[in-house]
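Working notes, structure below.
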Amino acid sequence: MFVCKDKHQNTVALQELERRLEEYYNGKASTEYYCAAQSANEEWSPTSSHGILLSLLKDGDTVLDLGCGTGVVAQQARAKKIKYTGIDWSNTAIETAKSKFSEKTGDAIDVNFIRGSIYETGIENKSFDVVTSLFVIEHLTRPEKFINEAMRMVRT
């Protein structure tokens, strides 16, 4: 039987869950997770969510990728003349993403990867043409807060 705790107990429980998730995604075990996710991402087609997103991006767009992981969207958008910012709370993911762009190889994309919270980014309102997040919401403890933060930063 499912029994709801009082609001304070729920808040404490969610904070503990978030702490444990962040610990996992920043720990050694997460390397295997990101390797598996990267392999699956390489198999996506033009009709996948990543393929559809890339087909919609226009030269000059500013793009924010919340929960960017290892930067798959940026990797697939290398030829686009966009300004891309990726945010993730995992040092492992951010360092991996940065390493894929550490040498200039003639990419059109301008990338910036930030280790931080996708719940409270500190980014100015209406800063991006496109705010995206692929395969992230199912990992979150506070999806409504995340969606509100994403909506705050997109230009309408």
Side-chain angles (χ1 to χ4, degrees), residues 10-58 60-80 82-102 107 109-156:
N10 285 339
T11 300
V12 170
L14 282 176
Q15 288 171 338
E16 174 60 14
L17 178 57
E18 287 172 3
R19 185 195 65 72
R20 293 176 67 194
L21 284 168
E22 186 171 5
E23 184 178 277
Y24 169 78
Y25 286 112
N26 280 291
K28 290 181 182 179
S30 69
T31 302
E32 290 180 28
Y33 168 81
Y34 289 113
C35 286
Q38 181 73 35
S39 296
N41 290 340
E42 291 168 358
E43 299 172 10
W44 289 332
S45 69
T47 57
S48 71
S49 55
H50 281 80
I52 293 167
L53 171 63
L54 293 174
S55 73
L56 297 173
L57 297 178
K58 302 180 298 294
D61 277 348
T62 55
V63 178
L64 176 62
D65 188 4
L66 294 169
C68 67
T70 58
V72 172
V73 171
Q75 293 167 46
Q76 293 180 351
R78 284 183 183 271
K80 299 276 187 175
I82 62 173
K83 185 172 182 177
Y84 170 96
T85 300
I87 298 178
D88 202 285
W89 67 355
S90 170
N91 286 321
T92 302
I94 291 297
E95 292 306 315
T96 301
K98 285 179 177 178
S99 73
K100 295 177 185 301
F101 290 92
S102 61
D107 296 332
I109 192 171
D110 175 9
V111 296
N112 181 30
F113 293 102
I114 302 167
R115 195 255 183 230
S117 171
I118 59 176
Y119 293 120
E120 297 173 6
T121 63
I123 294 173
E124 210 173 295
N125 290 347
K126 302 185 185 303
S127 296
F128 293 91
D129 299 309
V130 176
V131 176
T132 189
S133 184
L134 301 174
F135 306 102
V136 172
I137 201 162
E138 65 273 19
H139 299 263
L140 303 179
T141 57
R142 297 179 288 162
E144 185 177 353
K145 184 171 184 172
F146 163 73
I147 290 170
N148 289 336
E149 181 70 352
M151 295 300 296
R152 181 186 67 74
M153 294 178 289
V154 71
R155 294 182 187 115
T156 53

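With sequence neighbours excluded, the residues that form a side chain to side chain contact (heavy atoms under 4.5 Å, CB included) with Ala77 are Leu54, Lys80, Ile82, Ile109. In this structure Asp88 satisfies the side chain to side chain donor-acceptor pair (under 3.5 Å) test with no other residue, sequence neighbours excluded. Among residues two or more places apart in sequence or in another chain, the side chain to side chain donor-acceptor pair (under 3.5 Å) test is passed with Asn148 by none. Every side chain to side chain donor-acceptor pair (under 3.5 Å) that Glu22 has, sequence neighbours left out, goes to Arg115. Residues satisfying the side chain to side chain contact (heavy atoms under 4.5 Å, CB included) test with Ser133, not counting sequence neighbours, are Leu66, Val136, Phe146. Applying the side chain to side chain donor-acceptor pair (under 3.5 Å) rule to Glu16 yields the partners Arg19; only residues at least two apart in sequence or on another chain are considered. With sequence neighbours left out, Glu18 forms a salt bridge (charged side-chain N to carboxylate O under 4.0 Å, His left out) with Arg142. Judged as a side chain to side chain contact (heavy atoms under 4.5 Å, CB included), and not counting sequence neighbours, the contacts of Leu14 are Thr141. Annotation: salt bridge (charged side-chain N to carboxylate O under 4.0 Å, His left out) contacts of Arg20 (sequence neighbours excluded): none. With sequence neighbours left out, the salt bridge (charged side-chain N to carboxylate O under 4.0 Å, His left out) criterion links Lys83 to no other residue.
Residues Cys68 and Thr85 fail the side-chain proximity criterion, which asks for heavy atoms closer than 4.5 Å. Side-chain contact check for Val154 versus Phe128: every heavy-atom pair is 4.5 Å or farther apart. Residues Leu134 and Val72 fail the side-chain proximity criterion, which asks for heavy atoms closer than 4.5 Å.
Residue pairs meeting the salt bridge (Lys or Arg N to Asp or Glu O under 4.0 Å) criterion with at least one member in residues 117-132, sequence neighbours excluded: Glu120-Lys145, Asp129-Arg155.
Between the CG atom in Leu57 and the OG1 atom in Thr132 there is a gap of 8.5 Å [rounded to 0.5 Å]. Here Lys100 contributes atom NZ and Thr96 contributes atom OG1; the two are 6.5 Å apart, rounded to the nearest 0.5 Å. In this structure, the separation between CG on Asp110 and OH on Tyr84 is 12.0 Å, given to the nearest 0.5 Å. Taking CG of Asn112 as the reference point, atom CD1 of Ile87 lies at 8.5 Å (rounded to 0.5 Å). We find the CD1-CG distance between Ile52 and Leu56 to be 7.5 Å, quoted to the nearest 0.5 Å.
Closest heavy-atom contact between Ala97 and Gly69: CB-O, 4.1 Å.
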Evaluate the criterion side chain to side chain contact (heavy atoms under 4.5 Å, CB included) for residue pair Ile147 and Ile137; output intermediate values, then yes/no. CA-CA 9 Å; Ile147 290 170; Ile137 201 162; 3.8 Å; yes

Stepwise side chain to side chain contact (heavy atoms under 4.5 Å, CB included) check, Glu149 with Thr121: CA-CA 8 Å; Glu149 181 70 352; Thr121 63; 2.8 Å; yes

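Judged by the 6.0 Å and 45° rule, Arg78 forms a cation-pi pair with Phe101.
The main-chain N or O of Gly71 is found under 3.5 Å from a side-chain atom of Gln75 such that the two form a donor-acceptor pair.
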